[in-house]
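Written out below as structure tokens is the structure these notes cover.
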There are 2 protein chains.
Amino acid sequence: MVTLAEVAQHAGVSPSTVSYVLSGKRSISEPTRRRVERAISELGYHPNAGARALAGKRSHIIALVVPLRTDVYVPIMMEIAISVTMTARSHGYDVLLVTNDEGPDGVRRVAASGLADGVILMDVELDDERIPVLRELGSHAALIGLPADTTGLSCVDHDFATAGALCADHLADLGHRDVAFVGYAPQVYQRHAGYAERTLSGFRERARERGLRILHRPCEGSFESTAGVLGRILDDRPATTGFVVQNEGALGPLLSLLRTSGRIVPEDASVVALCPEPLAEQNSPRLTAVTGPAQDLGRQAVELVLKRIGGATTPEVTLLTPVLTPRESSGPAPLTAAPARRLPAPQTPADVENSHAQPLP
Amino acid sequence: MVTLAEVAQHAGVSPSTVSYVLSGKRSISEPTRRRVERAISELGYHPNAGARALAGKRSHIIALVVPLRTDVYVPIMMEIAISVTMTARSHGYDVLLVTNDEGPDGVRRVAASGLADGVILMDVELDDERIPVLRELGSHAALIGLPADTTGLSCVDHDFATAGALCADHLADLGHRDVAFVGYAPQVYQRHAGYAERTLSGFRERARERGLRILHRPCEGSFESTAGVLGRILDDRPATTGFVVQNEGALGPLLSLLRTSGRIVPEDASVVALCPEPLAEQNSPRLTAVTGPAQDLGRQAVELVLKRIGGATTPEVTLLTPVLTPRESSGPAPLTAAPARRLPAPQTPADVENSHAQPLP
DNA sequence: TTGTAAGCGTTATCAA
DNA sequence: TTGATAACGCTTACAA
């Protein structure tokens, strides 16, 4: 193993000079720098990470804590992980992968040992148990997702409320009046994953403003559950012509089911998805969708932690604006909607929202 | 920050004793151990990772090099990454995420700097440019995937040849005679990703043994390309009743298209997928599929590197046996196949394989 | 502009 | 069974 001392000797300079050439923390004369750089490449020198961390009090590692759950759309997690890694690299940092099965202890371990200089938490819950650890250790951190209490924390997230609102606007603009919102599984809401609720309430509010009648249905995302949900929607609100789909798993099934039931998309029914671009593109018809910039999430998170590692103390909360891309799955509301009829069966209140429904004809 | 020396003082023992209590590398009297352990928890001591790495010549970190490409099924990559991380943790190791955009230099960097004690390479290509670096540095490594030359290397991979063979067997058992193989995009074969070819040749060989007539078609995986591919298959071999689908992206489109063209699965056509379980389950009908154990891939890779880090020098190549799970998408070949007719258009030889076709009637 | 030298917090060797 | 103590390879005042 080649050490800095050996490089120094080879170049005929002192060890500190080599160190400074490497770190750029003091000015070096051109000839000296060249001699050192030659020695480095001739000997194939690579600074020892452990020694650097020990002496410099900085591991140049960021820990990324990823969820184990698979009810999040996995490719997006991966996209974030990759953008985190690449952004970190561009700042001279490496990324340590920590899985959430260690729970709060995982965070404690990597932060307290100095293994990582900072921590990025993915899939943050409203009342996340890892946050107290962060506060206790005074760790440098950035959260992807918004907890209930962001005091003192740096966070990035999609602006889910706007995402929901964009869906309502788009369908309202197209003349739809009865719109169903196909949500996530009940567990997701129960876990109080903020994004699910923020999207829904952004949608709800804008729907109210635009005078839409809406129906919110949680959905597991499997074919069967989607079939059940769609069936109940069409039973309860036969005049429904717009669908906003939050649960990506329900997209494929929903499209099949609409087709099977003889409804053409977008002539008879419009579908707006809350999902990543590739997913929207690979369906048939291609889906009008609201998408947030996943890569920016990772990039920003890294920049937030690095700022904190660099000494910044002001927490920042950034919400990234999503974009609605119209594709083939949405169009003007049909002029003659399916004949509205009275709801056939009793409804459970938890299940149905007649938010601001005008009385059915 | 609490140091080992402080713990020693607090416990009234020497620093080395504390170190040995932690590492278990020499026997400690029960009372001493208890005093030390109490001091550790009272002070909230966490050993400094950098110091440990420097003094111990072991970072307790494994680097996992992941591909950037998205033509691999991403959830599987994630599953592997997670099983790698968890297995590593269970051995006291952490995992550093390295993206392949750094190329061979990324491997060099983490290995030569002592940042990582070992390296796991994902998505290994037949002639992978990272392998020479491994050899040059004498790094401890495990590969997920089989390169052309495995000399001196430890590797794990699925037994893709068997996977292909299982598909052929299954369809042959069900009485199918004309089977189409919907493959990956041409680039994948050109990149010589071993798995694509090994699956295909395993399939081919078994198909020959079983007397199947096969047609191999590369496919991009998009709806359009799948439509094109299916169209050509049905043109060229109207009697085709079995489909083996290697490109997961083509699955959804293929099922839709078969339905659209009036073919019921599995009554008129059987589909066997080479894909992960969740994907097979979430289609409708649920797909008969051949699946390899992704988690084992990660687990084994970790165990292989750790063996090498521990001093083992014998390379091991492990192939994990895939399993075919029959579901709803495959059934007996229809008694009256669509009437065979002469191929309507000239074929490009690269495109079609009449491997061992009997002359058409 | 460059050099000297004192740490950084462990591990592990050598003694006791 | 335990204790001193010399590395480990780098960073960074402090000097020159």
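Every chain is numbered from 1, with letters handed out A, B, ... down the list of sequences.
Across residues 32-43 of chain B, not one residue has a non-hydrogen atom less than 4.0 Å from an atom of DNA chain C.
Side-chain nitrogen and oxygen atoms of S14(A) include at least one within less than 4.0 Å of the OP1 or OP2 phosphate oxygen of dG3(C). Proximity of S27(B) to the phosphate of dT1(D): a side-chain N or O atom is located under 4.0 Å from OP1 or OP2.
In this view, D105(A) and R108(A) satisfy the salt bridge (charged side-chain N to carboxylate O under 4.0 Å, His left out) rule, not counting sequence neighbours.
Toward the 5′ end of DNA chain D lies the nearest nucleotide of I28(B), the other residue of the pair L54(B) and I28(B) mapping further downstream.
I120(A) places a side-chain heavy atom less than 4.5 Å from the side chain of V302(A).
Under the 4.0 Å criterion applied to side-chain N and carboxylate O atoms, E37(A) and R34(A) are not assigned as salt-bridge partners. Electrostatic pairing of K307(B) and E316(B) counts as a salt bridge here, judged by a charged N lying under 4.0 Å from a carboxylate O. In this structure, D101(A) does not pair ionically with R89(B), as no charged nitrogen and carboxylate oxygen lie closer than 4.0 Å.
The closest side-chain donor-acceptor pair between D117(A) and S59(A) falls under 3.5 angstrom. No side-chain N or O of S90(A) forms a donor-acceptor pair with one of T87(A) less than 3.5 Å apart.
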What string of B, S and - do you get for nucleotides 11-16 of chain C, 5' to 3', if B is base contact, S is sugar-phosphate-only contact and - is no contact with any protein heavy atom under 4.0 Å? BBBB--
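Rounded to whole Å, the distance from CG on N48(B) to P on dC8(D) is 19 Å. If you measure from atom CE of M1(A) to atom C1' of dG9(D), you get 7 Å, rounded to the nearest angstrom. Rounded to whole Å, atom P of dC10(D) lies 13 Å from atom CG of L115(B).
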I would like to know whether R198(B) and D159(B) meet salt bridge (Lys or Arg N to Asp or Glu O under 4.0 Å); could you show each step before the answer? CA-CA 8 Å; R198(B) 281 185 283 145; D159(B) 186 343; 6.0 Å; no
